[in-house]
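Report on one structure; see the data block that follows.
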There are 2 protein chains.
Amino acid sequence: MNLALPQIKNLSIREQSLDTLREAILSGELKPGQALTETDLARQLGVSRAPIREALRILNSEGLVETIPYHGTTVRRLTKTDIEEIYSMRILLETYAMEQVIEKCQPADLQRLREIVDRMVRAGDAGDLIAVNALDRDFHDALIEMSGHQLLHSMWLMVAMKVRQVMALVNRRNTDLTLIARKHLPLLEAMEVGDAAEAKTILGRHIATAGDLIAEDWVEP
Amino acid sequence: MNLALPQIKNLSIREQSLDTLREAILSGELKPGQALTETDLARQLGVSRAPIREALRILNSEGLVETIPYHGTTVRRLTKTDIEEIYSMRILLETYAMEQVIEKCQPADLQRLREIVDRMVRAGDAGDLIAVNALDRDFHDALIEMSGHQLLHSMWLMVAMKVRQVMALVNRRNTDLTLIARKHLPLLEAMEVGDAAEAKTILGRHIATAGDLIAEDWVEP
DNA sequence: TTTTACGTCATTGTCTACAATCTACAAGCG
DNA sequence: CGCTTGTAGATTGTAGACAATGACGTAAAA
């Protein structure tokens, strides 16, 4: 018997609340400084306070919200220093992953990355900003994943979340999409010839310039 | 009026429970695989389940425990791979911190480190294992802190917790205390002359050998 | 006018009771 | 005997009520 029935997912209310709130924060729907009162959230999501509280504790330990006892929970504010730290940590984690991946040098991995970049280039030519961003995330996510380093991956998830949030909050200046996509090409080439030093340099610069652009005209509300 | 009265700490029950449980895990009192039933914990700590649950959610997102829905929470098991990952991450984070610290080169920082090492050497000569360990932690903690990188610090806290747990669980072979303490001396010298490359190399080896010793004869229960 | 004391209100912290779910084992059926 | 199905016990998930705390405004006193 195999009817290909869809898996029934029965996530707990806590998990659903957590996902909803986190998504709202990362998408910029909930802005830094915004107060999150448990009662309101519970009413809005149609649940009781208990699962909301547990979700908020998790978001707190993820560094997305801040809680002051008996005072309230707010979406964590992002300073310019935060941005710089996020991007410097990105460089550290990703270049390390790059090193590990090149060391193992699995052809299948390289092909997977190349496919992502190809699609990114096509999306860039088509002017599809959203697709380019999604594929860019996929690329860097894949890189970390391919390192096979679980702890690295979990740390990177934290940083990647904050990157998403920053990207959602920043007033995107008219960026050259085709340029972003094509910037990944020399990186891929360095990986294919196994030049770890070159690949790390390119990747580092790639991330640093992206971070600098954002940190440069970051205005704190 | 200044009676030097001790500060009255009125931490929430959740925080107290969290600290208690975390300490129990990191000290090895609660061993990997150990089941943590909310009702039992609540009864033992003399509180209700609600704050216990919130504490467990936090420990879960810190990676110290694992929760399976409707099944229970257990202390996370540590595999040999986990150990290797923990120590490789330590190297990555600490060498980066070292780079940052040397770049800024504050004499006061160096002096602070030297004081810690001096005390460590003395404790080593006195055969005080506990003091040596505490001072070793202080040293590496100070190094990270002096980098002034908050995000780095928060990530390092996660790794440092797991290091503590591993250290508590491993059957310590009769290590040469004076050797451990004195191993920090060449590191300090490299820092004082501002030789970043040398300092990073020494630090990396220092941590790697410590990790290898532990990973080597790690037996999973 | 300034300062202090106090009461009100909103919000979080905690507790208890009840519902939902899982595991394991026993009972029914071929 | 083997498989499925039902049931019991334990554990987690959720809800709602109540207590504790802190902020703010108001009024009384210096």
Side-chain angles (χ1 to χ4, degrees), chain A residues 1-3 5-22 24-25 30-77, chain B residues 1 5-22 24-25 30-77:
Chain A
M1 184 179 84
N2 194 340
L3 298 175
L5 291 173
Q7 193 84 358
I8 293 179
K9 55 179 177 188
N10 187 10
L11 283 172
S12 66
I13 292 183
R14 172 185 68 245
E15 292 297 330
Q16 294 180 52
S17 307
L18 176 60
D19 290 344
T20 303
L21 290 175
R22 184 161 40 207
I25 293 172
L30 286 173
K31 301 213 178 330
Q34 165 92 42
L36 303 175
T37 55
E38 299 171 358
T39 312
D40 283 356
L41 293 176
R43 196 166 29 224
Q44 286 185 44
L45 297 183
V47 299
S48 79
R49 276 178 57 212
I52 296 289
R53 282 177 63 83
E54 295 184 15
L56 287 179
R57 295 292 88 78
I58 295 173
L59 290 174
N60 186 57
S61 76
E62 286 175 353
L64 294 180
V65 304
E66 275 179 330
T67 299
I68 301 172
Y70 294 107
H71 189 274
T73 302
T74 58
V75 179
R76 196 181 186 290
R77 291 179 191 279
Chain B
M1 182 179 82
L5 292 172
Q7 191 84 359
I8 293 180
K9 54 179 176 186
N10 188 12
L11 284 171
S12 64
I13 292 181
R14 172 185 67 242
E15 292 296 330
Q16 294 182 52
S17 307
L18 177 60
D19 290 344
T20 302
L21 290 175
R22 185 163 38 207
I25 293 172
L30 285 173
K31 300 210 179 331
Q34 167 93 42
L36 304 174
T37 55
E38 300 171 357
T39 312
D40 283 358
L41 294 176
R43 197 166 28 223
Q44 287 185 43
L45 297 182
V47 299
S48 79
R49 277 177 56 213
I52 296 289
R53 284 177 61 83
E54 295 183 15
L56 286 179
R57 294 292 89 77
I58 295 173
L59 290 174
N60 186 57
S61 77
E62 286 176 353
L64 294 180
V65 303
E66 275 179 331
T67 299
I68 300 173
Y70 295 107
H71 189 275
T73 301
T74 58
V75 179
R76 196 181 186 291
R77 292 179 190 280

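What you are looking at is a predicted structure, and each value in this text was computed from that prediction instead of being measured. For the numbers below, each heavy atom of this structure counts, side chains included, while hydrogens, waters and symmetry mates do not. Below, read A as the first sequence line, B as the second, and so on, with proteins coming before strands; counting in each chain starts at 1.
The side-chain hydrogen bond (donor to acceptor under 3.5 Å, both in side chains) check on A/Thr37 picks up A/Asp40, with sequence neighbours excluded. With sequence neighbours excluded, the residues satisfying salt bridge (Lys or Arg N to Asp or Glu O under 4.0 Å) with B/Arg53 are A/Glu54, B/Glu38. Applying the side-chain hydrogen bond (donor to acceptor under 3.5 Å, both in side chains) test to B/Glu62 and every residue at least two apart in sequence or in another chain returns B/Arg22. A search for side chain to side chain contact (heavy atoms under 4.5 Å, CB included) contacts involving B/Glu15 returns B/Leu11, B/Ser12, B/Leu18, not counting sequence neighbours. A/Thr74 meets the side-chain hydrogen bond (donor to acceptor under 3.5 Å, both in side chains) test with no other residue; sequence neighbours excluded. Taking A/Thr20 as the reference, A/Leu45 meet the side chain to side chain contact (heavy atoms under 4.5 Å, CB included) condition, with sequence neighbours excluded. Among residues two or more places apart in sequence or in another chain, the side-chain hydrogen bond (donor to acceptor under 3.5 Å, both in side chains) test is passed with B/Thr73 by B/Thr67.
One interatomic measurement links the two molecules: CG of B/Leu45 to P of C/dC15, which rounds to 11 Å at whole-angstrom precision. Computed from coordinates, the A/Arg53 CZ to D/dG16 P distance equals 16 Å when rounded to whole Å. The CD1 atom of B/Ile52 sits 15 Å away from the C1' atom of D/dT11 (whole-angstrom rounding). Rounded to an integer number of Å, the gap from A/Glu54 CD to C/dT12 P is 16 Å. Atom CD1 of B/Ile68 and atom C1' of D/dG13 are 16 Å apart (whole Å). At whole-Å resolution of the value, CD1 in B/Ile13 and P in C/dT12 are 18 Å apart.
Between B/Leu56 and B/Leu21, the closest side-chain pair of non-hydrogen atoms falls below 4.5 Å.
Take the nearest nucleotide of DNA chain C for A/Thr73 and for A/Ala50: the residue whose nucleotide is more 5' is A/Thr73.
For the pair A/Ser48 and D/dT14, the criterion of a side-chain N or O lying under 4.0 Å from OP1 or OP2 is not met.
The CD1 atom of B/Ile25 sits 9.5 Å away from atom CD of B/Gln34, with the distance rounded to the nearest 0.5 Å.
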Report each atom pair, protein N/O against N/O of nucleotides 17-25 of chain D, whose distance is under 3.5 angstrom.
residue, atom, partner, partner atom, Å
D/dT21, OP1, B/Asn10, ND2, 3.4

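Counting non-hydrogen atoms under 4.0 angstrom, B/Arg14 reaches the backbone sugars and phosphates but no base.
Listed by residue number, the members of residues 35-43 of chain A with any heavy atom below 4.0 angstrom from DNA chain D form an empty set.
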